[in-house]
Amino acid sequence: MLMWLSAGIVLTLAAIVFIVAKWGNMRMIGVTPVKTLTFIAILFTSGLDVGLIMFPLTEFGGYADTAANPEYGFTNPLAIEFGFWGFFIWSFYFLTCFYFCVIEPKVKFFEISWVKFIHNVIIIGTCAFTAFLLLSNLPWYLPSLGDGESIVPAFYLIVFAAIAFSVYSSTDIKFVRILSISTTWMFITLIVFMWGSAFVWGNSDMAQYFEATTMMGGYFANIQNFLFPINDYHAFYLFWWFAWSIMIGQFTSRFVGGLKTYQVLAAMLIFPSIPIALWFGVLYHYHDAGLDTTGIRNIAMVFVGIVFVINSLDSLIRLYTDNLNLSSQRLGKVKYFALNFIALCALTLLFKFDFLEIQWVGALVIGLFYCCLGYILYSKLGRVRNIDSSPKENELDFKKIDTAH
């Protein structure tokens, strides 16, 4: 599996270099373009899930234990956490965003029946995994509802309610902009609240925080170590990012609003990484200083985590229902809601019982990458070589989002 993962990373890096070299100055225009700040908000909130909120505090200690995990010894825990979530791995989304915006309309690889089937299996499976992550982390963050270890009925109700809200919001694309922008502001508010709780209302030394944030430089000083899997846990993360890459790329490609290709790459690498770095810096201070996060802090993190889940599921549900022609307009809202809600709840339980693993989904995505490359080289090379713009029918009209459904 590690060799297969490395092969996927090699293909991704090579493809990105080729795209920037050949089409770097070409303007990318999606089917439903939005302004740049809205595009970044959609990218950030759709491309991340509850793990961003809930994982770091449970992971810093493991990254710091270099006696048990010597492979982490090349840098510090904060840099490793950032390396698993920030900067380089967002290039996966750039590759697929560019492909679906510019190349897929000419190639139509994902319209082939067997490819479409696998693609939608990937999307649906990843939706369920996102809900499962929320379910599995709630005991740690809301111990007051249980014993801090077991998943109790209240946690199932929370997750199923998030799924229900996501299915409903996916019935109309106008909710995308509302959800994305509001989620972004909620996340920024959470960062400010956690920072203020430690340094304004608490007794922490602010100098310690700024000293800790400089540790993030350990990522950029050792970025080559993050390109390929450090160990099995890092491989899990990379497979996870691959699992998300095709569907997030397809979803965000429709919203690109006229940026040049190199600008889209820079925006995807830099802008999501800034709030991630600020958030991890705050959380690392809580970990390093031994600050308590129980009570209102945990509730705030869980709330924002749930909103992230709703945002991600909303985009993914809309994507696979569009691909399968199972839209709410065709089925009716009642049938649409029942079908998606029951399916996602059932699949979430399959992850709970270890019947499915996200690594399998990521490996399947890498397989699709190579199949797509082979298909282009075999029968569509001339069309791809002659591409000099986004599809002509894609107009830079920022009002389209107001009339789309």
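Keep in mind it's a predicted model, so treat the numbers as computed, not measured.
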Using every non-hydrogen atom in the two residues, find where Ile9 and Pro229 come nearest and quote the distance to one decimal. CD1-CD, 4.2 Å
Test side-chain contact (heavy atoms from CB on, under 4.5 Å) on Ile270 and Trp90; report intermediate values, then the result. CA-CA 9 Å; Ile270 296 171; Trp90 287 80; over 6 Å; no
Hey, are the side chains of Thr321 and Leu339 touching, using non-hydrogen atoms and a 4.5 Å cut-off? no
Would you check, one step at a time, whether the test side-chain contact (heavy atoms from CB on, under 4.5 Å) holds for Glu104 with Ser253? CA-CA 11 Å; Glu104 172 64 12; Ser253 67; over 6 Å; no
I need the Phe39 CZ to Phe271 CZ distance, nearest 0.5 Å. 11.0 Å
Does Lys22 use its side chain to pair, donor to acceptor, with the backbone of Arg385 at less than 3.5 Å? yes
Under 3.5 Å donor-acceptor, Asn298 side chain and Leu142 backbone: no
Can you check ring-ring contact (aromatic ring centres under 6.0 Å, His included) on Phe226 and Phe74, steps first, answer last? CA-CA 11 Å; Phe226 292 94; Phe74 66 90; 5.5 Å; yes
In terms of relative ring orientation, are Phe109 and Trp114 parallel, tilted or perpendicular, with 30° and 60° separating the classes? perpendicular
Which heavy-atom pair separates Phe160 from Cys345 by the least distance, and what is that distance? CD2-SG, 3.4 Å
Heavy-atom neighbours of Phe88 CZ exceed 12 at 6.0 Å: yes
Taking the side chain from Trp23 and the backbone from Val102, do they hold a donor-acceptor pair closer than 3.5 Å? no
From CG (Leu344) to CD1 (Ile317), nearest 0.5 Å: 5.0 Å
Ser390 side-chain N/O to Arg27 backbone N/O, donor-acceptor pair under 3.5 Å: yes
Test side-chain contact (heavy atoms from CB on, under 4.5 Å) on Ile42 and Asn311 and set out the steps. CA-CA 9 Å; Ile42 292 172; Asn311 206 306; over 6 Å; no
I'd like to know whether OH of Tyr336 has more than 12 heavy-atom contacts from other residues, nucleotides or ligands below 6.0 angstrom. yes
Report yes if the side chains of Met301 and Leu190 come closer than 4.5 Å at any heavy-atom pair, otherwise no. yes
Can you confirm whether more than 12 heavy atoms, excluding those of Leu37, are under 6.0 Å from its CG atom? no
Report the C-alpha distance between Met247 and Tyr320 in whole Å, list the side-chain angles of each, state the deciding distance to 0.1 Å, and finish with yes or no for side-chain contact (heavy atoms from CB on, under 4.5 Å). CA-CA 9 Å; Met247 52 199 173; Tyr320 75 71; over 6 Å; no
Less than 4.5 Å apart, any side-chain heavy atom of Trp241 and any of Phe84? no
Can you see which heavy atom on Leu238 is nearest to which on Phe92, and at what distance? O-CE2, 4.2 Å
Would you say NZ of Lys106 has more than 12 non-hydrogen atoms from neighbouring residues, nucleotides or ligands within 6.0 angstrom? no
Heavy-atom check, side chain of Ile163 versus side chain of Phe341, under 4.5 Å: yes
Tell me the closest heavy-atom pair linking Ser245 and Phe369, and the distance in Å. OG-CZ, 3.6 Å
Should we say atom CH2 of Trp185 is surrounded by more than 12 heavy atoms from elsewhere, each under 6.0 Å from it? no
Quick one: do Phe60 and Tyr284 satisfy ring-ring contact (aromatic ring centres under 6.0 Å, His included)? Show the steps, please. CA-CA 7 Å; Phe60 287 134; Tyr284 185 75; 5.1 Å; yes
Taking atom CD of Glu81 and atom CG of Leu57, what is their separation to the nearest 0.5 Å? 9.0 Å
Lys/Arg N to Asp/Glu carboxylate O, Arg318 vs Asp314, below 4.0 Å: yes
Leu134 CG to Leu313 CG distance, which is reported to the nearest 0.5 Å: 9.0 Å
Taking Asn120 for the side chain and Lys116 for the main chain, is one N or O donor matched with an acceptor at less than 3.5 Å? yes
Donor-acceptor check, side chain of Trp85 to backbone of Ile276, threshold 3.5 angstrom: yes or no? no
On a heavy-atom basis, the closest approach of Leu43 and Pro272 is CD2-CG, 4.0 Å
Non-hydrogen atoms of Phe82 and Ala277 that approach each other most closely: CE1-CB, 3.9 Å
I want to check something: taking the side chain as every heavy atom from C-beta on, are Thr252 and Val256 in contact at a cut-off of under 4.5 Å? no
Return yes if some donor-acceptor pair links the side-chain N/O of Ser312 with the main-chain N/O of Val309 below 3.5 Å, else return no. no
Output, in order, the C-alpha distance, side-chain angles, deciding distance and verdict of ring-ring contact (aromatic ring centres under 6.0 Å, His included) for Phe55 and Trp240. CA-CA 14 Å; Phe55 273 21; Trp240 186 4; 5.7 Å; yes
Examine distances only and state if a side-chain atom of Thr261 and a backbone atom of Met26 form a donor-acceptor pair shorter than 3.5 Å. yes
Is any side-chain heavy atom of Phe337 less than 4.5 Å from a side-chain heavy atom of Thr171? no
Return yes when atom CZ of Phe117 has more than 12 non-hydrogen atoms of other residues, nucleotides or ligands closer than 6.0 Å, and no otherwise. no
Okay, side chain of Asn340, backbone of Val167: is any donor-acceptor separation there less than 3.5 Å? no
Kindly say whether Gly73 contributes a backbone atom to a donor-acceptor pair with the side chain of Thr66 at under 3.5 angstrom? no
Between CD1 on residue Ile246 and CD1 on residue Ile366, distance to nearest 0.5 Å: 10.0 Å
Does any donor atom in the side chain of Gln250 or His119 lie under 3.5 Å from an acceptor atom in the other side chain? yes
Option from Phe94, Phe110, Tyr93 for which ring-ring contact (aromatic ring centres under 6.0 Å, His included) with Phe100 holds: Phe110
I want to check something: taking the side chain as every heavy atom from C-beta on, are Phe228 and Val10 in contact at a cut-off of under 4.5 Å? yes
Leu138 side, atom CG; Ile306 side, atom CD1 - distance, nearest 0.5 Å: 6.5 Å
Does Phe193 reach the side chain of Val304, with side-chain heavy atoms less than 4.5 Å apart? no
